[in-house]
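We name chains A, B, ... by the order of the sequence lines, and we start the count at 1 in each one.
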Amino acid sequence: MSNGFDDIPFFDEEPAPRKPATPAAPSAGAPAGGGLGIAARAMAARDQARAPDYLSGLNPEQREAVETVDGPVLVLAGAGTGKTRVLTTRIAHILATSRAFPSQILAATFTNKAAREMKERIGHLVGGAVEGMPWLGTFHSIGVKLLRRHAELVGLSSDFTILDTDDVVRLIKQIIQAEGLDDKRWPAKQFAQMIDGWKNKGLDPAQIPEGDARAFANGKGRELYAAYQARLKTLNACDFGDLLLHPIRMFKANPDVLKEYHQRFKYVLVDEYQDTNTAQYMWLRLLAQRPPGVPQNVCCVGDDDQSIYGWRGAEVDNILRFEKDFPGAKVIKLERNYRSTEHILGTAGHLIAHNEGRLGKTLFTDRVDPNDGKVVVHKAWDSEEEARAVGEEIEQLQRQQHPLNNMAILVRASFQMREFEDRFVTLGLNYRVIGGPRFYERLEIRDAMAYFRLVCQPADDLAFERIVNTPKRGLGDTTIRNLHDYARARNIPMLAAAADIIDTDELKPKARKALFDVVADFRRWQSLLENTPHTELAEQILDESGYTAMWQNDKSAEAQGRLDNLKELIRSMDQEESMRAYLERVALVMDAEQNADMDAVSIMTLHSAKGLEFETVFLPGWEEGLFPHQRALDEGGRAGLEEERRLAYVGITRAKRRCHIWFVENRRIHGLWQSTQPSRFLEELPSAHAEYDETSGSFGGYGRNPYGQSRFDKQEPFQNSYSTPGWKRAQANKTDATRDNWGNRSGHAVERIGYGESGPRAKTIDGELVAKSKTSEPSRFSVGDRVFHIKFGNGNVSAIEGNKLTIDFDRAGQKRVLDGFVELA
DNA sequence: GTACGAACATTTTTT
DNA sequence: ATGTTCGTAC
């Protein structure tokens, strides 16, 4: 197979001559600040050598991306092509050539992790810490910084609170109830997601589509959204979306302020551009676009093939239209891969080529080693066997001295994890799950944080409501509602209302006493805020409030863990100057470090694997309906399929040396055993780089598996993705709904989705339709029949519901299965 | 205020 | 099937 290398310049080609960098003195008006040291150090480093060391070791394309600092640049950086290196070196280069002070560079990333990593690496390049890069951070943290400076321009005061999703949902619930709506019929969580979606698109209540507005609460969607925004304003609070939208509003309404930032930011950089949503895009354009004639020094780095966040508002289109937004843009492709073997790249490249909406890159490597194995596809009977076989493979690698840290299992959906965890527990194999519930999302942490928030921020009603009766103080719903009404009527925060109401006789003596104590506690803590070390105060708050005691008295299994978490929380506060500073950081940094010391296999979703790499990668669950996920198909249509394919591409390209893909023939979905079809993506792998493991699958010889080893043989190199065997099969199944996956009798309607533009979307997970057709076709079994099941052996039918049978198996006990899986014994 | 049972949903996740 | 969330009854 052609590797497509022909039109790509060779590595050792002489780099194109570049004009020597002309150091220009930073403009006089440049803000001084702590960054000068870095610039000075960088310049010193530069003077020592002719070709600065930071440029050595870059390939020509990388070097071009680093050195093309003037004018708009789009760097299309494929997986493993040194994207972060380019970005950080580019910043180092700008600093070293004195084009700008650190404080004049705006660099936006998506995650805190990415920001941290960049800061570190720039520090290495330039020598020393990078405190002087105040505008390197996530979109949100930069947004906060802007807002704290100009809060009054959007009607907030600069000490506004940042609400997380949990707070938002509780707030919305209150609003829904206040509107007299049934909060059961109109779930707050759902509406929170809708608002989030609107904010991702940069829409104010007035701007949301009429249809969207009608979709919620009998057409009250718009009204509720506006009420929510009004409530945020009175609370002096922002949700995550506002951290982007308020700056946008602020800049639009105050061109003079925008101009100030235009003058400040000489260079703008954006990481992971393919993941930006519309709001972030608007934000970037406001800050980066300049009037005609003024240089636009903007550099976006991304990979359209790794865009996997469309479902949360990311617009691949942003990257596709970069050249239109920034005329004269230079597009630089990085295609030389430093991570993976040629087989891995060949497999991933062939797969992703089935996508239509892409700019088109082909990764290559010249580190070819004949010992490198192909990507291997394995079959297993069910997910249990899948986990068992993966476990064996891991143990074997372990015996060959491969550290577990170099291996990862990347799943499509988190429910797949458990089977692996179970297996690894029995094997005594260390593993770590990445991306589970976060430290700061834990109940006890959120409670403790609510105490701290309320001390620092007495107007934080959400924090107040969260902890006023935690631990239990006898302040129930009635008291809270009273207090709430009292506060709303006087337009004061609830803590203040509590202070007032205890002087009245509106409450029963018991509640009054309890509330009096709470108010007194908070008064005391507030008075200590300035002069007590904040970690000490934090401990004091938790003890005096009775919160620690609450968990000490709790005899449930997790109580000790919660106390440990609280200790950890106090310990982590050390890193910040004050309690306020700590709260600020935590609001934006929701991740906590994992202990990297242990040698362990990583288990995570494909989404959280983006940006990581491992020697060996296991990709289980490549079955239709799971991967590509049925819901992505149902809801996203063709675009959804392509995003799933990109996800597959991300998965494969995580692997450096070895990549094992698995599919199972049977999987339990919602408690029912279903037979599955191999993922269509398997059909899209090239036989030159991927092979089928003929030995896999202990039931491999059983009957009529149509997907034997010949699967890769009839590989037509390139086709429209909708004429692949997988697609054809899907089409065939769509009309021929009478044959189930085993090719036997009718009655097992398996309808495959049409994800073209037209036609109604049918539910297509095998079994759904089957279940629905129960009235039309009586089961061919009856209660008491002796039957045989391939996995569970012999048993007796004890109940029948349509096509679902409940069977008491001799060995396996009672199971519910679809009748297509059993034969009369 | 707690305990139990019914109803419900079950792709992916950051800030 | 299974876990979680919510409401009711004690």
Note to self: Please confirm whether the shortest side-chain N or O distance from Thr605(A) to OP1 or OP2 of dT13(B) is below 4.0 Å.
What the structure shows: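 Answer is yes, contact under 4.0 Å.
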
Note to self: Tell me whether the side-chain N/O atoms of Ser414(A) come closer than 4.0 Å to OP1 or OP2 in dT12(B).
What the structure shows: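 Result: yes.
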
What's [X] touching, base or sugar-phosphate or nothing? Going by heavy atoms closer than 4.0 Å.
X         : answer
Leu475(A) : sugar-phosphate
Asn469(A) : sugar-phosphate
Gly474(A) : sugar-phosphate

Length of the [atom1]-[atom2] vector between [X] and [N], whole Å:
X         : N       : atom1 : atom2 : result
Asp422(A) : dT2(C)  : CG    : P     : 12 Å
Gln193(A) : dA9(B)  : CD    : P     : 13 Å
Arg631(A) : dT13(B) : CZ    : C1'   : 14 Å
Arg668(A) : dT10(B) : CZ    : C1'   : 13 Å
Leu633(A) : dT12(B) : CG    : C1'   : 14 Å
Lys189(A) : dC6(C)  : NZ    : C1'   : 13 Å
Arg646(A) : dT12(B) : CZ    : C1'   : 13 Å
Gln190(A) : dA9(B)  : CD    : P     : 10 Å

Check: Do Arg312(A) and dT12(B) share a donor-acceptor pair, side chain to base, under 3.5 Å?
Finding: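 Donor-acceptor pair under 3.5 Å: no.
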
Could you please name the option among [options] that lies closest to any side-chain atom of [X]?
X         : options                  : value
Asn112(A) : dT15(B), dA1(C), dG3(C)  : dT15(B)
Thr138(A) : dT12(B), dG1(B), dT15(B) : dT15(B)
Lys472(A) : dT11(B), dG3(C), dG1(B)  : dG1(B)
His607(A) : dT15(B), dT12(B), dG1(B) : dT12(B)

Checklist line | Gap in Å between the two P atoms, one belonging to dT11(B) and one to dT4(C), rounded | finding: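 So the two P atoms sit 15 Å from each other.
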
Note to self: Does this structure show an ion pair linking Arg249(A) with Asp204(A), if we count only N-O contacts that are shorter than 4.0 Å?
What the structure shows: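 Here Arg249(A) pairs with Asp204(A) in a salt bridge, since their nearest N and O are under 4.0 Å apart.
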
Margin query: Check Asp517(A) with Lys513(A), please: is the shortest side-chain N to carboxylate O separation under 4.0 Å?
Written below: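 Counted as a salt bridge, because a side-chain N and a carboxylate O are separated by less than 4.0 Å.
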
Notebook entry, point to check: Mapping Phe415(A) and Thr111(A) to their closest nucleotides on DNA chain B, which lands nearer the 5' end?
Noted result: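 Counting from the 5' end, the first nearest nucleotide belongs to Phe415(A).
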
Notebook entry, point to check: Ring centres of His629(A) and Trp311(A) under 6.0 Å apart?
Noted result: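 No, ring centres 6.0 Å or more apart.
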
Item checked: Atom NZ of Lys201(A): over 12 foreign heavy atoms under 6.0 Å ->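 Counting neighbours around NZ of Lys201(A), 12 or fewer heavy atoms of other residues, nucleotides or ligands fall under 6.0 Å, so no.
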
Next item on the list: Take the angle between the ring planes of Tyr309(A) and His607(A) and call it parallel below 30°, perpendicular above 60°, tilted in between.
Entry: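 It falls in the tilted class, 30° to 60°.
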
Next item on the list: Could you say whether the aromatic ring of Trp311(A) and the base of dT12(B) stack, counting only centre distances under 5.5 Å and plane angles under 30°?
Entry: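 Yes, the aromatic ring of Trp311(A) stacks with the base.
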
Margin query: Determine whether the aromatic ring of His140(A) stacks with the base of dT15(B), defined as ring centroids separated by less than 5.5 Å and ring planes inclined by less than 30°.
Written below: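 Aromatic stack with dT15(B) absent for His140(A).
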
Note to self: If we count only N and O atoms by modelled type, under 3.5 Å, do the side chains of Tyr431(A) and Glu421(A) hold a donor and an acceptor together?
What the structure shows: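 Result is yes, a qualifying pair exists.
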
